[in-house]
Amino acid sequence: MTALAVEDLRIRFGDTVAVDGLSFELPAGGALGIVGESGSGKSATALALLGLHTSAVVEGRISFDGLDLTTLTDRRWRDVRGARIAMVFQEPLTALSPFHTIGDQIAEVYRLHTGASRRAARERAVEVLRQVHIPDPARRAASYPHQFSGGMRQRALIAMALSCRPQLIVADEPTTALDVTVQAQILDLLDEVRETTGTSLLLISHDLGVVAGSTDRIVVMRRGVSVEHGATAAVLGAPSAAYTRELLAAVPHAKPPRTIEGAPLLRLDAVRKHFPQPRRGSWRRPEPVRAVDGVTLDVRAGETLGIVGESGTGKTTLARVMTGLLAPTAGTITLDGADITRRRGRSVQMVFQDPMSSLNPRRSIGESIADPLRLSGVRDPRTRVEDLLERVGLARTEYDRYPHQLSGGMRQRVGIARALAPRPKLIVCDEPVSSLDVTTQAQVLALLEELREEFGLTMVFVSHDLAVLRQIADRVAVLYEGRIVELGDTAEVYAQPQHPYTKELLAAVPVTDPAEARRLRALRRTIA
Amino acid sequence: GGGGSSGNGSSTAFDPATCQGGTLTVLNQGGITHLDPARLYTSGGGNIPSLLFRTLTTRNRQAGEAGAKPAPDLATDLGTASDGAKTWTYRLRDDVFFEDGTPITSADVKYGIERSFAPELPGGAPYLRDWLQDAASYQGPYKQPEGIKAIETPDDKTIIFKLSKPEGDFPFLATATQFAPVPKAKDKGVGYEAHPVSSGPYQVESYEPKKSLILVRNTHWTTKSDPLRYACPDRIEVTAGLDGAVINQRLTSGAGQDANAVTTDAVVGPEQLAQLGNGGPLDKQVARGEFPATYYLAFNTKKAPFDNQKVREALSYAINRTSVVNALGGSTVAGSSTTFLPPQKALGYQPYDPFPAGDTGDPAKAKAVLAEAGVTNLTIELAHANDDNDGYGPKVAAAVQEAFKQAGVTVKLTAIDSATYRDVTGKPATEPAASLQYWGADWPSGGPFLIPIFDGRQIITAGGNFNLAQYNDPEFNAEIDAINALTDQSTAQARWGALDTKIGKLALVIPLAHEKDVFLFGKNVKNAVPDGWRGTYDLSRVSVK
Amino acid sequence: MIGYLVRRIGGALLVLFGLSLLLYGLFYLAPSDPAILTCGKGCTPERLAEVRHAMGVDDPVATQYAHFLQGLVAGRDYPAGPATRHCPAPCLGYSFETDQPVTALLLDRLPVSVSLAIGAEVLSLVAGIGAGALAGLRRYRWLDRVVNGLVLAGYAVPVFLVGLLLLLIFCVQLQWLPFPTYVPITTDPLAWAQNLLLPWVALAVIQTAAYARLTRAGIQETLAEDHIRTARAYGLPESRIVWRRALRGALLPLVTLTAIDLAAIMTSAVLTETMFGLPGVGQLLVGAVNQIDLPVVVGVTMLTGVLIVAANTVADFLYAAVDPRVELR
Amino acid sequence: MRRALRDRGFLFGAVAALLMVLVAATAPLLAAAAGQDYTTYHDNLLDSARGGVPLGRFGGISGDHWLGVEPGTGRDLFARVVYGAQVSLGVAIGATILEVLIGLLVGTAAGLGGRWADTILTRLVDLVLALPILVLAISLLAIVPPDWPRPLLLATVIAVLGWGGTARITRGETLTLRTRDYVAAARLSGAGWFRVARREILPGLTAPVLTYAALLLPTNMVVEAGLSFLGVGVRPPTPSWGQMLSSATTWFRADPMYVFIPGGLLFLTLLSFVLVANGLRRALDPRQSEVLR
Ligand SMILES: Nc1ncnc2c1ncn2[C@@H]1O[C@H](COP(=O)(O)OP(=O)(O)OP(=O)(O)O)[C@@H](O)[C@H]1O
Ligand SMILES: Nc1ncnc2c1ncn2[C@@H]1O[C@H](COP(=O)(O)OP(=O)(O)OP(=O)(O)O)[C@@H](O)[C@H]1O
Ligand SMILES: [Mg+2]
Ligand SMILES: [Mg+2]
């Protein structure tokens, strides 16, 4: 029995066609994944399923449980939304009203659709919160969204979705904003919910790994068109469309192991960085945030050292301390034996995560790259800048363009060119590819690898993505709450993780092989 | 000159016997800052204060010339002069009482005067310090309870003043509020003014300085004891702190209680002037009078170039009085003046014009006089106050500047803060070479006009000086003393006038204009007759019934 | 919380201390002498010296300031003729001009300014939020334009210009309203409102436009937020979304603004009060400045300082109260 | 900027504002062209008996006196109005420039300086923001000797009391800008804080500060007009619109032109500057454009 059938869906925003002739079916109790890169029309499709478009023209047929959704009146829509089709949004931060408690928001939805008493609604809210494994749900129901962590908020949203026992849950990138381990938990939860309640699931993601383990069928979208469509195992195992193959190829692969026994270039000795907390309420100062809490580490000349950890574990702080941008609270950092904080040279450079904020929007990119050259005494750096631009795969003529005129990938290339300009010995990359599409990500990683070899660079590569590190790093350090809990050759760490956190991290990595994904899910259950 | 026409809303004759009743509203801009008789500086006892305080003498509340004379109030007559006008003796009436029913004694009058010497209670007129024998250093009854020797009270009804020099004007001075009786037992010092003990027809019901004052009848006052005050309304409500234009607007429209309203300090503005004089309804609601006062330009003859009489004369020819009058608000509220004394007979006014140049000035003649004196490219500095409130502000200054420009004289204007204007110009050390000034009469006589301004013995180097010309001519001083000794006003008037004519020829000042007063009153208000002393109608005689 | 309060109050005291110090310094440097005005016409130098002594302005400025502080904290005694006057703490001294205690003067004038400010604020809140909400929901396109035009005009008309026009139209030409005088609300509430109507309107014209604009913008901004989409996706009716969600978000900035504006009106009512002849704190100040009445000037400035700081503190509290995300620190 | 130029309101405002600035700048020339100056009395044009209202209709408008004459003095209104523009605009522009300069200096210093500098400067800014501007301006202006150059003084007083907002905005923006990675990049390439402030921070400040300053200008103009209205502004015979309005209040019915001319001009000028500010904000700061405050 089909729960949802979409036929020849077309969505236009004025002249832009966001979705162009999309068709798919979702059986009752089944799980369908929609994958595609940014802007491919995934969210537009999801919104159409709930009739939430205001400025778009939606054509085609969407039949749900015998209803033709495209012909519904506003009144009738209200009975469908939330009650029969529920939606889980991408941004858990903003998807909940900041002025009402979690419990109230869930109860409100429940009351609206069932006409239950206030009390019954409150009880239902606690019940669904329990169902999504919020600890102490009766108490936490009275919390405001900002008092929840990202993962908890996403759980609350799922709880809200569950509250009216819908037939279909549409989850639009439910895990994009979350850490890998939390992402795995949410995906597991959705899976569990589907199993226990029998609802159908439409899971939307840009990440093949996310849908691989949670869906039975997938639709691969590109520029509003479905390029491939079929059983998950079939599509990922033997892709027929070139685009799907490209996507799969862009997923990082392990690199051939390299052992580098260079002399230590950068040495960190018992480095700490604590951020004092502002006083709140009482006179006593609260404990400082121990962003980096006793890191001892050598970066060997010529190697690529990966640093991995989840959000807030202190990766960026460590990276900035390494470059001398932040003074450590305690400990010493030496580059070639000289204290880094007193360094006046430009031998350590950095590539930043957010390509938008790493370039001054009011200066041409050429000028941004030329600056370090000028400061090191080069009179007329234009040709050298143009050479660099060419080297990182940009046209010489891009010199006079401004950051907003470039795509994310191009901006990241500019960032790399700028880092290279003063001929550094060490480049610290802080999540340089996290904000890029998989395909662009692969290109930038390749470029970095090339440049490292060509310029004989030493590299510290910070990332939350184990897969990326596996491709680029010779050694990995696992950072957890400001400390290094594991450090070793990449292959070794991946094959035989020692620390439980590393194990958990590895088990949470999304993989594109559905069988492997299911194995990892089982593994996670045993760890938990 | 003198007096003026009076408007009166009612066609039937006014009868003080049947005027009683109703509430009179007084809408004022400023005033009622103080209610302590020691701290009030009034001419003729003031308008509002004289509702509360009776003094030894008071102004004769009548229209025109008759109103410029003093009349007995608490005393039975204008006082008996002896010892060549150096001793003045008064006898109190028998039927005068304070608001609590206690009879008023000569000791109360003496105590009231003594209080005004206390530095805690500053602000009153300064004459007594100067006139009374050995009183200059007296510090008031709080520090020196033994009192002033120069005032004697041999019995409850008699009070004798011993002066250091002859003062024929003493009956005029005795109208000042410092001559109001204060019962020593009720004196609270600075706090006394919260509820001063009334001797007049009204007493204080409530008083908030600069804001409101409500007066109700004093039941211990009788018409019989006080023929001058009619005390018609049962209740008088004074509101202060209003905008002048608003007051006149309210008096014009006369909505509600405003029909029973008057003002004592808001001269009409252009809004009303435009509606006046064409037989409209407003013509019945206007009182025109003249408070004796002069706007003039003062020279410091100790400073070049004004030590040169020719220069002063030339500028006297150059002045354009029409523009000065316009700057002061037009010919309805100011009249051009070539004499220092304003045109009131009481002051001894005699018309003269030593430098005839017409109303708009004679720049050619001025140039000629300057050339004669060998002065070329003259640049002078003229000081003026920074606001126009007192008639010696920027507008008049600019008018003078313009007029002198026609005669080839460049004027640089110096603005001085109006709050300190008198202070700066009154200290010879800081006195500017030329400045705009205004002088009003403390009482309608030539003395208070000519003495402070031209008596050489009045040059006070430490400050508070008004003889800005710093003119000191023994002959002139002697004539002042001689007139002061006269107790016959008509003789005195003639001699003051002659003195004014004489001093005018020296061009020590340039008289610019004299004040004219036009006050509106509500349409129900009757008997709003301006008196010759103050130029405005008398609150103690108006009626709203 | 307590720490916050302590710091807030500490900061406020610092501001006030600085203010009073500044004023004393300036008045000391100023060429004007308050005693001359008090002493009156024809004041001789000896008399002036006596008066200065009686007023206490012959002391060095540091001594005067110390006395002032002492009065504030502990109260002080003034010579006043037969007895001394005790001015209890917080004593701001006695007016040079009228000899009234400054605290009493302020308390006396405050109701006028408060009436003015609260009335204008209420008027502009009601009109502003109403118009803003209607405009924000795009129910009436023309309203949107009117609000837009009004807000621009609101910035472009100084309050005295509005006041002038209102007086001319309603009091002079049409004579619908009396010339404003202050009637205490306790005496006659109707007359109170009737008299204050024009000043309120004059003040509210500008505020109303600003509030309308803010409400409108706030509603539109909130309506574009993700959680509104969530609410829609769960079938919440539009009316509920607008009233319970969007307006709530939109009114947030208004809440704090109200407190601050209230103080701002009170402190900037100088013009309105002068314009309409209302005996409020502002008028008190203008008069005092002209008369070099230092105690009153200091008193008014301190009062306005206190009001502003208090308003800011209240605004912070209100903000924390209506927005659960905000914590006071 | 191009976006702003498409805004009709902005265009109107910009043209009118420029015109007004031009008038102010060329006041002496304009007055000379009219054959008048702002000081000469024309008593013959006044009805002295009626308080000095101008003779003739519409406040004495004539071929010689394009906007009529001032009641009470007969001074040429056109000359006074153009010179008044000079004062009103001059003071407002001067004050705004000063405020922006002080605000930028303090704001960037607080944003880039260390914790101590920030704490102290922020406290200072709080203090300035807590000052009752009008109240203090009145007190200050009443105290200073009257012979000091008044317009300069006015601009200074307004600026000294009013730079808090600019400083706060600058500090806030600086604090966010300094966390931008490009600032870190500049530091890594060896740039000192001064260079960072000049090359990386300042360009980022122009938009927010400009939009704020554009609104400050009319606000300052209102303050100047208000102060002159209260009689503590520029000193006569120098004209200013606020002062003209203040003296016009007594001539409301007798000579309405005397009110309407400076009042209307003040309104129009303010309106045009507000329109410019609004347009700028919409163009430079689209997110904030709606919340004009
Ligand atoms: N409200 C809108 N107005 C105009 N165009 C829009 C609107 N919403 C989406 N689009 C366009 O429609 C296309 C599809 O957008 P959609 O949000 O569905 O992409 P997506 O696949 O969800 O991307 P992402 O992974 O970034 O969320 C895009 O080109 C986008 O620019
Ligand atoms: N300037 C700062 N002041 C106070 N706390 C800070 C500061 N910078 C970072 N922190 C805190 O230090 C901890 C580590 O932050 P850091 O940015 O280094 O984490 P991260 O591992 O890079 O996280 P992400 O993956 O989210 O970028 C966090 O708790 C953060 O809140
Ligand atoms: Mg999307
Ligand atoms: Mg980071």
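FYI, side chains are in, hydrogens and waters are out, and symmetry mates aren't considered; it's all heavy atoms of this structure. Numbers restart at 1 for each chain; the letters A, B, ... are given by sequence-line order, proteins then strands.
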- [ ] Compare all side-chain heavy atoms of C:R248 with those of A:F99 and state whether any distance is below 4.5 angstrom.
- [x] yes
- [ ] Report yes or no: does C:T230 contribute a side-chain atom to a donor-acceptor pair with the main-chain N or O of A:L96 at less than 3.5 Å?
- [x] no
- [ ] Check whether A:A83 gets within reach of chain C through its side chain, its backbone, both or neither, counting any heavy atom under 4.5 Å.
- [x] neither
- [ ] For the residue pair A:Q105 and C:H227, establish whether any side-chain heavy-atom pair is separated by less than 4.5 Å.
- [x] no
- [ ] Would you mind reporting whether C:L236 and A:R81 have side-chain heavy atoms less than 4.5 Å apart?
- [x] no
- [ ] Would you give the length of the straight line joining atom CZ of C:R244 to atom CG of A:D104, rounded to the nearest 0.5 angstrom?
- [x] 7.5 Å
- [ ] Heavy atoms only, distances under 4.5 angstrom: which of A:L52, A:V170, A:L50 has the most pairs with chain C? Name it, please.
- [x] A:L52
Task: Residue pair A:L112 / C:P237: nearest heavy atoms and the distance that separates them - done: CD1-CD, 3.7 Å
- [ ] Nearest 0.5 Å please: distance from the CZ atom of C:R240 over to the CD atom of A:E108.
- [x] 4.0 Å
Task: Nearest-0.5 Å distance that lies between atom CD1 in C:I241 and atom OG in A:S97 - done: 11.0 Å
Open item on the list: Distance check, rounded to the nearest 0.5 Å: C:I228 atom CD1 versus A:T94 atom OG1?
Closed with: 11.5 Å
- [ ] Without swapping roles, check the side chain of A:H113 against the backbone of C:Y234 for a donor-acceptor pair under 3.5 Å.
- [x] yes
Task: Closest approach of A:M87 to C:A233 (non-hydrogen atoms, all atoms of both residues) - done: CB-CB, 4.3 Å
- [ ] Tell me, for A:L157 versus chain C, whether the close heavy atoms (under 4.5 Å) come from the side chain, the backbone, both or neither.
- [x] both
